[in-house]
2 protein chains.
Amino acid sequence: MSDKVLDLLHKAELRITKSRREVLETLVQSGDQAISSNDIEHLVRGIDRITLYRILKTFEESGLIHSVADGTGKTKYALCSHECNGGEHHDDHLHFYCRICETTTCLEKVQLPPVRLPSDYLVEEKRFVIAGVCKDCH
Amino acid sequence: MSDKVLDLLHKAELRITKSRREVLETLVQSGDQAISSNDIEHLVRGIDRITLYRILKTFEESGLIHSVADGTGKTKYALCSHECNGGEHHDDHLHFYCRICETTTCLEKVQLPPVRLPSDYLVEEKRFVIAGVCKDCH
DNA sequence: CACAAAGATGCAACATTGTTGCAAAAATAA
DNA sequence: TTATTTTTGCAACAATGTTGCATCTTTGTG
């Protein structure tokens, strides 16, 4: 169990519990790769499904993690990068869904293209998913 | 029942049935606005839920409609624009989700920004959703 | 038009994802 | 250690989506 996990929970002002530590540890291990609630349920043995949903919701509201709707119908979750801890989010990065290995990856290094909407739209969040075949699968 | 519906079904080489006509008519009426399976179920009275799922799947595979994962957890569907009938899709347009009126709109007029992925990624589809407040709600 | 073949529908049953209420347990503050 | 607050775990439920199978409809052909 890394210090990073305790640190993150502390900074998010969340109580430290066994389940939270394990779920967050799993998400840290997962790195760039976004994983589903179901994945976590299998990785964290013995965790209660309902508790897990609540933990994920709490983490997301605290800005520790973000969710991705990658088009598979299953919500995926991934750690937010360091820049988005502390209040404001900067989750506006690309996600890549590979139809071969069925993984969803955060591509934080790829620069997000600017989008020009008519000025009467208020833009709050960009959710960009690119689907195709990832570098390891072709 | 507009001719457009029969025309679309014909071009897609799909058998013409009451349910398909009604579902497609509903999607035509809905225009730019993407609607959920549940919405359609209420708009097309008496339609069987399972049949509806199958019709939507068929329409999507035929390129008549496209689906949008807007982050609400409910898949939304909308007619494809004229350009994407006939084999190849050009569904790479933006979608806007308004958190006030909770509608999802296809913004086909907004030009999609080019995205530069590392060359070892094969890009097949772009699923871009912008969330915020739409022009009618602020 | 009638008939046969192919395809679509409707129903039951089931799987998965996600939510709510509530009592018991655990974490923090005093 | 005790009191307060929060979190957990369970039951029950709701929504979305899928599969198998018998029945009905559509469509092509004589």
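First the proteins, then the strands, lettered A, B, ... as listed; each starts at 1. These numbers come from a predicted model, not from an experiment.
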Starting at CD1 of I47(A) and ending at P of dG18(C), how long is that distance when rounded to a whole Å? 15 Å
Indicate whether the side chain of T72(A) and that of D70(A) have a donor and an acceptor atom separated by less than 3.5 Å. yes
R21(A) CZ to dT7(D) P: how many Å, rounded? 15 Å
Sugar-phosphate, base or nothing in reach of T58(B), heavy atoms under 4.0 Å: nothing
Heavy-atom donor-acceptor pair, R49(B) side-chain to dG17(D) base, under 3.5 Å: yes
Within this structure, what is the CG-to-C1' distance between D48(B) and dG20(D), rounded to whole angstrom? 14 Å
Check the distance between dT19(C)'s P and E60(A)'s CD and give it to me in whole angstrom. 10 Å
Considering only dT27(D), dT7(D), dG18(C), which nucleotide approaches the side chain of Y53(A) most closely? dG18(C)
How about I100(B) and H138(B): do any of their side-chain heavy atoms sit closer than 4.5 Å? no
Presence of K74(A) side-chain N/O under 4.0 Å of dT17(C) phosphate oxygens OP1/OP2: yes
Polar side-chain contact R54(B)-dG7(C) base: donor and acceptor under 3.5 Å: no
Let's go through K18(A) and E22(A) carefully: what are the C-alpha distance in whole Å and the side-chain angles of both, what is the deciding distance for salt bridge (charged side-chain N to carboxylate O under 4.0 Å, His left out) to 0.1 Å, and is it a yes or a no? CA-CA 6 Å; K18(A) 185 166 175 280; E22(A) 289 175 346; 3.5 Å; yes
Please compare R15(B) and R15(A) by the position of their nearest nucleotide in DNA chain D and report the one closer to 5'. R15(A)
Length of the CG-P vector between L56(B) and dA8(C), whole Å: 14 Å
To the nearest Å, how far apart are L52(B) CG and dT18(D) P? 11 Å
What is the separation between atom CD1 on I50(B) and atom C1' on dA13(C), rounded to the nearest whole Å? 10 Å
Short side-chain N/O contact to dT16(D) OP1/OP2 from T75(B), under 4.0 Å: no
Scanning both residues in full, the closest heavy-atom pair of L79(A) with H66(A) reads O-CE1, 3.4 Å
Please tell me which of the listed nucleotides, dT27(D), dT17(C), dG9(D), lies nearest to the side chain of N38(A)? dT17(C)
Please state how far atom CZ in R20(B) lies from atom C1' in dT26(D), giving the value in whole angstrom units. 10 Å
E124(B), CD: over 12 other non-hydrogen atoms inside 6.0 angstrom: yes
Taking for each residue the nucleotide of DNA chain D bearing the nearest heavy atom, is the 5' side occupied by S37(B) or by T17(B)? S37(B)
